[in-house]
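Here's the structure we're looking at; comments come further down.
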Amino acid sequence: MNRILDIKIANIKGASYNPRAISEERIAALQNSLKTLGVIKPIIIRGEDGTILAGHQRTKSASLLGHETIKGFVLSNVNTTDEVRFNQLHNLSECEVSDRAPRLRVKTKTPVGEFSIVKNKDITIISPGEKNQAVNQISKLILRYGQFANAVINERGEVIISAVYAKAVKLMGLDLWVYTIPRDKEKEAIHFFAQEYGKFSYEHIEKKTFIQSLAQKHRLRGENRSHSTLYEKVVIPSLTKECFVLDFGAGQRDYAKMLTRKGYNVHTLEFFLRKPGQDVIWMEEIERDFARVEKHLATVGQYDVVVCDSVLNSVDSLEAQDAVLATLSALCRSGGKVFWSGIPLKFKRQHIDRKNTFDAKEASAFLDDNGFTGNYRYGEWYFQKYHTRAQVEELNRKYISSSFVLFDRGIVSKGGELYGSSYQVASTNSKQLTEEQYENALRFEFSLPLPAGARHAYADRVIGAYRKSKNF
């Protein structure tokens with residue numbers, strides 16, 4: 001069982017990827033907590049180099065108060081993905097005080113104002129709570145690295161802080177580190193740990209947009225094939241074989257290929273198309289796709305229909321989101337149709353927080369104020385963007401048109417928050433932006449970053465073709 005150690009603050013350092021941001025006001029509040037209670041929740045350190053895996057703000061606050069040491073767990077051989085997971089889980093659920101958390105009680109008496117160990121047989125789960133996904137992920141980390149946290153109990157043996165962690169330990173049959181809070185500080189402890197001392201923020205993390213292509217789905221084929229609600233419920237019923245269609249962000253191009261075989265005029269653009277069965281961007285095929293689009297714009301004009309399926313939930317910044325929407329409008333003729341889709345924020349929150357999930361494949365939602373989540377996979381950061389109804393409507397009015405229909409799982413939505421697994425928008429393009437704004441968006445989208453510091457070099461060519469397209 002990992003021990004709780006006194007660690008010299010001078011010998012440890014913060015992680016550059018730390019996805020938490022905190023204001024000076026909240027730092028002051030955290031310092032007040034430490035002055036009142038001390039460090040009753042140890043931080044987590046990577047033993048090999050002293051990097052803080054969780055507890056950056058507590059360490060900063062303790063240092064500002066003049067502390068030379070801080071309580072902590074030291075873990076070894078932590079892989080890079082789990083480094084980030086420790087940080088996110090520790091801040092999201094391990095310290096949480098919530099009426100949705102499980103309720104536990106320990107039978108044995110423990111020293112007040114100290115850390116001690118409670119035997120597993122002396123821990124009782126009174127109520128299971130609603131945080132099973134966090135329990136699942138915490139359990140996996142404990143299996144790999146040993147215990148990395150403690151619960152806080154009152155003198156009656158009730159777990160008042162970190163009940164989610166305590167439940168994971170109980171279910172694994174392990175003994176539990178606890179800190180017993182004195183009776184006269186119990187209310188203050190609950191008050192302090194119910195506060196928000198930082199928020200998830202991914203703005204400072206380097207974006208490698210080509211990583212987002214890992215989200216490309218296999219549509220209409222293979223054992224794990226999926227179907228597009230946007231295409232099947234909204235786009236296809238409105239198409240004719242006389243119109244020219246562009247699938248922007250086409251992924252593996254499954255629907256475009258299917259429609260082409262049926263005689264529809266469909267072009268595709270996928271800037272991070274991967275070679276079949278390989279983790280390599282297929283530059284030659286991307287160039288062929290782009291050349292078709294360039295020629296169409298220059299000789300025929302803008303498209304009658306532009307489809308953008310599931311791209312808006314795979315952007316990695318607000319700037320990228322806005323550039324995508326402006327580009328859809330730029331490539332579609334005035335009066336043409338723009339179709340786009342994404343994932344509702346409410347669905348993401350409900351899906352993660354459902355009461356009874358132990359699905360090991362499901363990722364926790366670590367949402368920032370802009371509706372982004374960040375997960376660390378394959379040694380890289382991978383982002384997802386989720387929208388509220390108000391955000392979807394505002395974005396469409398700003399970049400495409402005030403004339404649109406909003407769908408929830410393919411059914412016309414007449415009001416209320418979007419809650420299904422996907423939303424869809426069908427809009428008549430009204431050309432809301434200036435030519436400068438359109439060209440700036442095209443330059444952003446057609447010069448996206450590639451591996452090894454390279455970039456797509458299509459911006460000048462597409463802007464030239466776009467200027468010609470306005471003559472038709």
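The figures here come from the full heavy-atom set of this structure, side chains too, leaving out hydrogens, waters and symmetry mates. Small disclaimer: the values here were computed from a predicted structure and weren't measured.
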Once you round to the nearest 0.5 Å, how far does [atom1] of [X] lie from [atom2] of [Y]?
X	Y	atom1	atom2	answer
Met172	Lys167	CE	NZ	14.0 Å
Leu312	Ser422	CG	OG	12.5 Å
Leu30	Ser61	CG	OG	3.5 Å
Glu242	Tyr264	CD	OH	9.5 Å
Leu345	Asn313	CG	CG	12.0 Å
Phe339	Leu230	CZ	CG	7.5 Å

(message) With side chain to side chain donor-acceptor pair (under 3.5 Å) as the rule and sequence neighbours excluded, what pairs involving residues 433-442 come up?
(response)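 Checked against side chain to side chain donor-acceptor pair (under 3.5 Å) - neighbours excluded - the pairs reaching residues 433-442 are Ser329-Tyr438, Thr434-Gln437, Glu435-Tyr466, Glu435-Lys470, Glu439-Arg467.
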(message) Please determine whether side-chain hydrogen bond (donor to acceptor under 3.5 Å, both in side chains) holds for the pair Ser427 and Lys337, giving the CA-CA distance in whole Å, both sets of side-chain angles, and the decisive distance to 0.1 Å.
(response) CA-CA 6 Å; Ser427 184; Lys337 294 292 185 180; over 6 Å; no
Side chains of [X] and [Y], heavy atoms from C-beta outward: is any pair under 4.5 Å?
X	Y	value
Phe248	Leu328	yes
His67	Ile9	yes
Val74	Asn2	no
Leu418	Leu406	yes
Thr428	Val338	no
Val293	His267	yes
Leu450	Met283	yes

Could you pull out the closest heavy-atom pair between [X] and [Y], with the gap in Å?
X	Y	answer
Phe272	Ile281	CD2-CD1, 4.0 Å
Arg292	Tyr303	O-OH, 4.3 Å
Phe244	Val300	CE1-CG1, 4.3 Å
Arg443	Asp460	NH1-OD1, 3.0 Å

(message) My understanding is that only residues two or more places apart in sequence, or in another chain, count here; which of them pass side chain to side chain donor-acceptor pair (under 3.5 Å) with Asn11?
(response)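 Counting only residues at least two positions away or on another chain, Asn11 forms no side chain to side chain donor-acceptor pair (under 3.5 Å).
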Whether the side chain of [X] engages the backbone of [Y] through a donor-acceptor N/O pair (distance < 3.5 Å, no angle test) should be reported.
X	Y	value
Asn429	Cys332	yes
Gln424	Gly410	yes
Glu48	Asn77	yes
Lys41	Gly55	no
Gln391	Thr388	yes
Gln252	Asp254	no
Asp49	Thr51	yes
Ser430	Gln432	no
Ser341	Ser310	yes
Asp408	Gly420	yes

(message) Before you tell me yes or no, could you show the steps for Tyr165 and Phe148 under side-chain contact (heavy atoms from CB on, under 4.5 Å), namely the whole-Å CA-CA distance, both residues' side-chain angles and the distance that decides it to 0.1 Å?
(response) CA-CA 10 Å; Tyr165 182 86; Phe148 56 85; 3.8 Å; yes
(message) Go through it in stages, so that I can follow the logic: the residues are Phe347 and Tyr423, the test is ring pair (Phe, Tyr, Trp, His ring centres under 6.0 Å), and I'd like the CA-CA distance, side-chain angles, deciding distance and then a yes or no.
(response) CA-CA 10 Å; Phe347 170 80; Tyr423 64 82; over 10 Å; no
Taking atom types as modelled, is there a side-chain donor on [X] or [Y] under 3.5 Å from an acceptor on the other?
X	Y	answer
Glu445	Tyr458	no
Ser413	Arg389	yes
Asp309	Ser228	yes

(request) For Ser139 and Leu141, run side-chain contact (heavy atoms from CB on, under 4.5 Å): C-alpha distance rounded to whole Å, both residues' side-chain angles, the deciding distance at 0.1 Å, then the answer. (result) CA-CA 5 Å; Ser139 299; Leu141 291 175; over 6 Å; no
(message) With a 4.0 Å cut-off on N to O distance, would you call Arg253 and Asp247 a salt bridge?
(response) no
(request) For the pair Glu287 and Arg461, find out whether any cationic side-chain nitrogen is under 4.0 Å from an anionic carboxylate oxygen. (result)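 A salt bridge is present here (some side-chain N lies under 4.0 Å from a carboxylate O).
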(request) Starting from the C-alpha separation in whole Å, work towards a yes-or-no answer on side-chain contact (heavy atoms from CB on, under 4.5 Å) for Ile27 and Gln31. (result) CA-CA 6 Å; Ile27 279 286; Gln31 289 181 63; 3.3 Å; yes
(message) Could you work out, with ring-ring contact (aromatic ring centres under 6.0 Å, His included) as the rule, every residue matching Tyr231, not counting sequence neighbours?
(response)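 ring-ring contact (aromatic ring centres under 6.0 Å, His included) check on Tyr231 returns Tyr255.
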(request) Please step through side-chain hydrogen bond (donor to acceptor under 3.5 Å, both in side chains) for the pair Thr268 and Glu270, ending with a clear verdict. (result) CA-CA 7 Å; Thr268 58; Glu270 172 52 62; over 6 Å; no
(message) Determine whether Tyr145 and Asn79 satisfy the following criterion, side-chain hydrogen bond (donor to acceptor under 3.5 Å, both in side chains), listing intermediate values before the conclusion.
(response) CA-CA 10 Å; Tyr145 307 109; Asn79 67 51; 3.3 Å; yes
(request) Give a yes or no on whether Lys398 atom NZ has more than 12 heavy-atom contacts from other residues, nucleotides or ligands under 6.0 Å away. (result) no
(message) For the CD atom on Glu68, are there more than 12 heavy atoms of other groups (residues, nucleotides or ligands in this structure) within a distance under 6.0 Å?
(response) no
(message) Show, in sequence, the C-alpha distance, side-chain angles and deciding distance for Glu394 and Arg397, and conclude whether the salt bridge (charged side-chain N to carboxylate O under 4.0 Å, His left out) test is met.
(response) CA-CA 5 Å; Glu394 180 184 1; Arg397 291 190 184 101; over 6 Å; no
(request) Given ring pair (Phe, Tyr, Trp, His ring centres under 6.0 Å), test His456 with Phe290 step by step and report yes or no. (result) CA-CA 11 Å; His456 280 300; Phe290 174 76; 9.0 Å; no
(message) Between Phe271 and Phe446 (judged by ring centroids, cut-off 6.0 Å), do the two rings come close enough to count as a pair?
(response)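 Yes, the ring of Phe271 comes within the 6.0 Å limit of the ring of Phe446, centre to centre.
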(request) Please report the C-alpha distance between Asp316 and Thr209 in whole Å, then the side-chain angles of each, then the deciding distance to 0.1 Å, and finally whether the side-chain hydrogen bond (donor to acceptor under 3.5 Å, both in side chains) criterion is met. (result) CA-CA 7 Å; Asp316 56 17; Thr209 306; 2.9 Å; yes
(request) Please test Val245 against Val307 for side-chain contact (heavy atoms from CB on, under 4.5 Å), starting from the C-alpha separation and ending with a verdict. (result) CA-CA 7 Å; Val245 181; Val307 182; 4.1 Å; yes
(request) Apply ring pair (Phe, Tyr, Trp, His ring centres under 6.0 Å) to the pair Trp340 and Tyr399, showing each step before the final yes or no. (result) CA-CA 12 Å; Trp340 59 285; Tyr399 291 104; 9.5 Å; no
